[in-house]
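Contents: one structure, followed by commentary.
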Amino acid sequence: MSHLRPDILERARELIALYPRPRSALIPLCHLAQEQDGWLRPEAMEEIAALLGITPAEVRGTASFYDMLHTEPVGTYLVSICTNIACLLGGGAELLEHAEAHLGIRVGGTTADGMITLEEAECLADCDRAPCVTVNHRYVGAQTPGSFDGLVADLRAGRRGDEIPPHGTLVRVRRSTGLQADPASVADERAAMAEAQAARAAAKEEGS
Amino acid sequence: MPDVPGPPEETVTFVLDGREVTARKGEMIISAAERAGTYIPRFCHHPRMKPVGMCRMCLVEVSGPRGATLQPSCYMSVADGMEVVTASDKVKKAQDGVLELLLVNHPLDCPVCDKGGECPLQDQTLAYGPGESRFVEEKRHFEKPIALSELVLLDRERCIQCARCTRFAAEVAGEALIDFAGRGERVEVATFPDRPFSSYFSGNTVQICPVGALTATPYRFTARPWDLDQVESTCTTCAVGCRVAVQSSANRITRLLGVDADPVNQSWLCDKGRYAYEAVNGDEVAATPDAPDAPDGRVTQPLVRRGGELVPAGWGEALRAAADGLRAARSAGGPGAVALLGGAQSTNEGAYVWAKLMKGVLGTDSVDAQLGDGLPADLVLGLPQATIDEACHARAVLLLTGDLREELPVLFLRLRRAAVDRTTTLLEVGPVPTALTPHAAVSLTVRPGDTAAAVRALLGGGSAEAHPHPAGPTVDDADLARARRLLADGLPDGAVDGTGVVVVLGRPSVAEHESVVADAARALAQALPGARFLLALRRGNVRGALELGLAPGVLPGRVGLEAGRAWFSAAWGAVPDAAGRDAAGILSALAGGEGVRALVALGADVAGDYPDRGLAARALEAADFVVDITGHRTSTTDHADVVLPVAVAHERAGTTTNVEGRVSRLSQKLVPPGEAWPDWMIAAELAAELGGDLGLTSDTEIWSEVERLAPAFAGCTARLLDAAATRDGVVVPVDLAAVPSHPVHPIDPMGTPGIESAERQGAPPRVGQSAPPPSEGPVALGDGTASGGDAVPGTGRPAAGAGIDPAATGVAAVHVGPADSYSLRLVARRRLYDAGAAVTHSPSLRPLVPAAEAHCNPHDLDALATASGEPVRLRSARGTVELAGRADDGVPRGVVVVDANVPAGAGTLHDLIDAAGAVTEVRMESVR
């Protein structure tokens, strides 16, 4: 019985097909699983391992390396506050402190209602709107302590549902513009590459 | 890498610390420097694994376009004109820095750490480190230890993240059950939750860990390395013959470490071989409610049955009783009334002396070292032989054997590596997938019993299946064509003689008659005269026992009974009149009272190990007299009239012969417990008791007689075996051209920390000492004649192989009937952790024995409306067994797979098997 939903599984298979080696799709697949569950459940990691022909230990090894992949449960909304240099100067650290106090949790924690997980982030690439905040990887613009409280209230009331999807999802995992080439031509090109490689190897063998 | 066969490679010349050095093109600086006598400190680099450049300990200065820069020498290959400096101030400072950083997090708990005293981190800190620590803060503390598996423990604070263990698991063992988790200072080696590191090769990670982070449960806190005494020997747990360093303290083995023998195990061991020494020590588990049948320890004194009970006796009394019993049987039924089973646990010397006693003194030819789970001796001894190295570099390897990971684990490692590195191509023919299936270019799944038909189809003719099952496996024509192409690939058009092909031949299932595989082998040998064979027999020294005559119809040294009659009659005084019975024949004759009356079990548990358990029990019941020569009590002991305690592995010196016919040294490390004797001594004393003098009083004397009399061993002298150049053993018949003439180059001492044999793996070589010592020189056979094994004109000595004809082996072809579509065919495979004495008597391995289950295709289980895990009943013409049914997608329909050598729950799987039948058909029923 598959843990991943049929649509997720289908997208996973599409992603795997993009790479010469299945294991290259590991990180995108982890994001996909997070789209379903919000975090990487052990069942999901085992299924990813089976899809890619690697071991669950390897999936966990990779997943535990990256901050954007969660091996522990997270809330419906993952609020990331940047404290890198631009944001620090723009009040990021103070905003984070305020967020901790307002939500009643420490960095890395999840509110009791399971709605919000707070994390301190490295540069989120939105320095012109410091201090930068994202919710489920969607920018919500520069925040002040006051506006942050409003944001939290909106999230809890479900008022931002149109722009912020539930659970942490990277847009690019779903973006389908990445591969413009016809799969057949990709396959042809790969075959040609393999042939050339074999020829080189053969030439090398003969030379040695 | 140490020398491997192949064409001479391109070389490059670079400058190492001011002198010109020639190295192989593509070689890493660290290896090239080591061969030139300059040791560069390292942690993550391992000579048998790919570079990773993780620890930075091996930084050296390398000239480049921007001047000299620090580069990891394990990750940069040599280039022409490259200038490398290994000992400049800059390098020294870098090494200081790396060690200081490593020691920031590494605890200074050396006094309580198992690695203390043999620790590469300790040693290299002393040799290359700053000497003083500036770190005064509190170090990290973790819960300790974490069990990665039942055998491997992890102390996380000691880990220096060299990735040797994780790379071993992924790269060498091919099962990445451990990997780094986390990032930065929080990196740790971890398994997936509830998926322990249960690999047959997990002990290797402990051996190669350069710190004390990984420890093995059987060794943890038992010894300090400087208290250990060591000899180099050969593991005889299975027939691969891995070279090992055996370390002991106070007449107890404390651990085994793999020695880097290039042609054999390349420093790896399986966990069974590594930890089965516990059975030698006789460490036993106390009987608990969970394990009420905790085994007895070693047999340490002779026992004689008196009034129905086995009671202790002196050697003299026991030997007299044994001789009387055997003599009585012989006078009642002639020489053939005495039979011997076993010998695979003996040394070559022991096997020879027992063959001499049985065949020369008692005059019986009914001896068999195989217990119905092997192959006819004619095939084993008569087919053209391949070595493991040849298989790993063969154009194609045809696997016609059981799961090698279960049967010959280190051979699996070698072949897996060869397939991954593409030095060979694997083709597989078998009833169920094995651990090598994912690496095989083509895998043909055949129905049990159809192996020979499939092989014939592969060789170009006929259908792959004699009697296909309606829903069973079908050999795909396209696969067959691909396999055929791969067999001929690389040869000129039309030349399909099998040159460059190695067939790994074993028994995929003991429920399939040996004649089926034998038939396939004969077809292969006939159609592919250029092919060579690697006989995948699994019992310790089974190959040596067969080579030395412990099989019907053969005499020592690969000679048929008739071909060697004159030669051995002259030497021994007599040889049997006619060919005797094999194991099946001996047991049937015993059970039926047809000619065999007395049985000698030589280190063999006949009752518990013969596939047809019912036949074995009836035979032992019916026997007039049974002598059990054993190191441990087994179920055969219960039937014995006389029990003689024998020295087991590590308790006797001598030689052993592995699957490829490689003879290597066994060293004695322990004094045998109690009154146990080496098996050759028992045979010699028994002969004296029977009125014959074998004239053999030591293993050296025996070996010189073997070398003189047994043609296949000609030239394989003690001097040759003791030469430093041949420490990895010599393949018989000795081919001088193939015997290495120079000592094996010392390999990286960090490759196998803990082994201190100074000549082999000890201190790094120094400049000027890398050439072989002059006294060693090339080794030569005594008289400098042609290869060993040839006939010697004028003496009457036959050639090795004389009278052995694999094409005319005495096994009758057994008819395979059409499949009944309601029945399933049984595949009885062997597991590594089994019910044998080595595992049963090893407390660490005993819990790892798997439960017996009936693996079958989910469809076949669904048909019974039984869920996976629920009990099913298997019924054959022979008996009935109840087991848990297990759905397994890998098993084809119409087949049920059961592990033959693990203790089954209700009833015993062996009870199902009819050893005389070609295949075993079973009905599977639900139990409700």
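Every chain is numbered from 1 and lettered A, B, ... according to where its sequence line falls, protein lines coming before strand lines.
When all heavy atoms of A:G61 and B:D179 are compared, the closest pair comes out as CA-OD2, 4.2 Å. Across A:A57 and B:A190, no two heavy atoms sit closer than the pair CB-O, 4.4 Å.
In A:E14, the CD atom is crowded: over 12 heavy atoms of neighbouring residues, nucleotides or ligands sit closer than 6.0 Å. Within 6.0 Å of NZ on B:K25 lie no more than 12 heavy atoms contributed by other residues, nucleotides or ligands. Residue B:E143 places its CD atom among 12 or fewer non-hydrogen atoms of other residues, nucleotides or ligands, all under 6.0 Å distant. Atom CG of A:D128 has more than 12 heavy atoms from other residues, nucleotides or ligands within 6.0 Å.
For a heavy-atom cut-off of 4.5 Å, chain B lies close to A:P42, A:M45, A:E46, A:T55, A:P56 in residues 41-56 of chain A. Using a 4.5 Å heavy-atom cut-off against chain B, no residue of residues 100-116 of chain A qualifies as contacting.
By number of non-hydrogen pairs under 4.5 angstrom with chain B, the leading residue of A:T62, A:T71, A:D67 is A:D67.
Counting heavy atoms from C-beta on, the side chains of A:S64 and B:R186 never come closer than 4.5 Å.
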